[in-house]
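Lettering of chains follows the sequences in order, A, B, ..., and the numbering in each one begins at 1.
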2 protein chains.
Amino acid sequence: MHSTPNPHTLSLFIRKLESISALTNEERQAIQSLPVRIHNFDAGQDIVRDGDQPTHCCLILNGWACRYKLLTLGKRQILSFHIPGDIPDLQSLHIHTMDHSVAAMTKATVAIIPHESLRNLTEYFPEIAATLWRNTLIDAAVFREWLICLGRRSALKRIAHLFCELYLKMQAVGLAGGYRCPLPMNQADLADALGLTPVHVNRVLQEIRGRDLITLRSQMLEIKKWDELVRVSEFDPAYLQLARSAAGETVGNATLCLAL
Amino acid sequence: MHSTPNPHTLSLFIRKLESISALTNEERQAIQSLPVRIHNFDAGQDIVRDGDQPTHCCLILNGWACRYKLLTLGKRQILSFHIPGDIPDLQSLHIHTMDHSVAAMTKATVAIIPHESLRNLTEYFPEIAATLWRNTLIDAAVFREWLICLGRRSALKRIAHLFCELYLKMQAVGLAGGYRCPLPMNQADLADALGLTPVHVNRVLQEIRGRDLITLRSQMLEIKKWDELVRVSEFDPAYLQLARSAAGETVGNATLCLAL
DNA sequence: CGACACATTGACCAGACTCAAAGCTAGTGG
DNA sequence: CCACTAGCTTTGAGTCTGGTCAATGTGTCG
């Protein structure tokens, strides 16, 4: 379950923060020396639970996670998807009780960082504080965009929109490119994220495939007509705040960030 | 349009922050001396627009505002409602381009605070930074709860849930009590917030009234059966992070925060 | 009084849901 | 290497919540 952190553990984190704003050497040093524990999770396992009062945050090093909330009658709403470089429970630094859970969607490696260390970091380095704050603000922007999807877009647009979003997020950390992107979720997960039923997701996926916009098999999404997918979903990547939103560009080395 | 700030302008802000965490005298002083301009808006007027790159934040002193986004075909999604004490565009401090608009829903008085002053404040007072950060995290928690509503709750539950939320928020700043609460919005606004059509909102409101849960006329909501409303909407106030969630208690002086 | 904004009603429609059954497919164990 | 299983995906038929369009009330304000 546990393993020893190695000196490169936090480089993903640093790269993520640097994609938001520059760091000084001193800041980089301070982050590098955060005391972390590494934890491995199985697919489907909870990382943090609704109602918990966490004393640490979880940086995803490898694999996918999602935030979700269970409701009455077995209903579930997935609130967000998270990929390497994300800290899905960063809000727990200032909101002490979890109002939802975080689960691993694949086998996942997670760096566990004590709140205390993060608080010290933000106290001494207001720039880092601002960058982490900004991180949570981008999360909020994504929540707003999902709100728009659930409130005002058809099932087809929702699915297409989500595919655009996830592809760009993965591309931004070098884990996707050439319009191909791992997508380790089943149709029930998509349904729970998009406010639909699995049966309807299935039918709409057939429609999208029928229009030759994507292929999706064995956990791999391929976007065959990016421009068209963007058009039908009314997708505008601005809310993701990706520095160089390389929508449409392939990345050189798709395994860049896996080299941990 | 403009008017001169008076020494009490920021007391609402201070009270709001103090409801989140204690302030030192020095911190209180620093906030008190923020340079603000006061601006009045008419009902329906935009305060900040989608695409703007604001150089200041807007603290609502009086009246209601909402965040919204316009979509194709005249569709609109309301993302949040805001009441006195809120800073609906606080995220603009770290996200430079607005991805939605903020509009006044009533005649509204707003204190305009330069980003620069807020940045200085957060740099010198990490505690204040943390408190403002926490504020935006609570906003995000509300987005998540709305996501759950739009994704997995029926029209009736959504409406009932929103009424519970707005009542508690208003009560927390002393603007509602005795299960009565101003609600300055029409059925089209409710529809745009809840992902429904005005016609359907109308029908469901009749159903809720028919069950004698609420009355709603001339912009005034009265909750006649709080417990029942909470039950049918599966409302759990935890996400609002109200210090002393006085669900069910009346407040002494309902005009407390109007005394600006 | 007339105009306007908003609420309400009716008739009809459609996107999405429900329930249930039948295919696939990737692992697993014999 | 194949049969079995478990978990997903796909299909079908029928239903329902909520949407659409258009008309009619109602209340407020100049």
- Just checking G195(B): base, sugar-phosphate only, or nothing, at a heavy-atom cut-off of under 4.0 Å? sugar-phosphate
- Message: Please report the distance, rounded to the nearest Å, between CD in Q206(B) and P in dT26(D).
- Response: 13 Å
- Query: Does D99(A) come within less than 4.0 Å of K69(A), counting only side-chain N to carboxylate O?
  - Reply: no
- Query: Base, sugar-phosphate, or nothing for L205(B), non-hydrogen atoms under 4.0 angstrom?
  - Reply: nothing
- Message: Testing the 3.5 Å rule here: is there a donor-acceptor pair between the side chains of Q91(A) and R67(A)?
- Response: yes
- If every non-hydrogen atom of R209(B) is compared with every non-hydrogen atom of Q187(B), which pair is closest and at what distance? NH2-NE2, 4.3 Å
- Query: What is the distance, rounded to the nearest whole Å, between atom CD1 of I159(A) and atom P of dG15(C)?
  - Reply: 15 Å
- Between dC24(C) (P) and Q187(A) (CD): distance, integer Å: 15 Å
- With sugar-phosphate meaning primed atoms plus P, OP1 and OP2, does S154(A) contact a base, only sugar-phosphate, or nothing at under 4.0 Å between heavy atoms? sugar-phosphate
- May I have the distance from R209(A) (atom CZ) to dT11(D) (atom C1'), rounded to whole angstrom? 14 Å
- Item | Test side chain to side chain contact (heavy atoms under 4.5 Å, CB included) applied to Q206(B) and N202(B), V204(B), I208(B), the passing residue | N202(B)
- Grab the NZ-C1' distance between K75(B) and dG18(D) for me, whole Å please. 15 Å
- Does N186(B) or A155(A) map to a spot on DNA chain C nearer the 5' end, using the closest nucleotide for each? N186(B)
- Task: Scan V199(A) against the nucleic acid and name what it touches under 4.0 Å (heavy atoms): base, sugar-phosphate only, or nothing.
- Result: base
- Polar pair under 3.5 Å, donor/acceptor by atom type, side chain R217(B), base dG27(D): no
- Item | L156(B) CG - dC16(D) P separation (whole Å) | 18 Å
- Has the side chain of R203(A) got a donor or acceptor atom sitting under 3.5 Å from an opposite partner on the base of dG12(D)? yes
- H200(A) NE2 to dC17(C) P, in whole Å, measures 6 Å
- Item | Rounded interatomic separation in angstrom, taking CD from Q219(B) and P from dA5(C) | 15 Å
- Message: At 4.0 Å (heavy atoms only), tell me whether N202(B) reaches a base, stays on the sugar-phosphate, or touches nothing.
- Response: base
- Query: When you check the gap from the basic side-chain N to the acidic O, do K107(A) and D42(A) get nearer than 4.0 Å?
  - Reply: yes
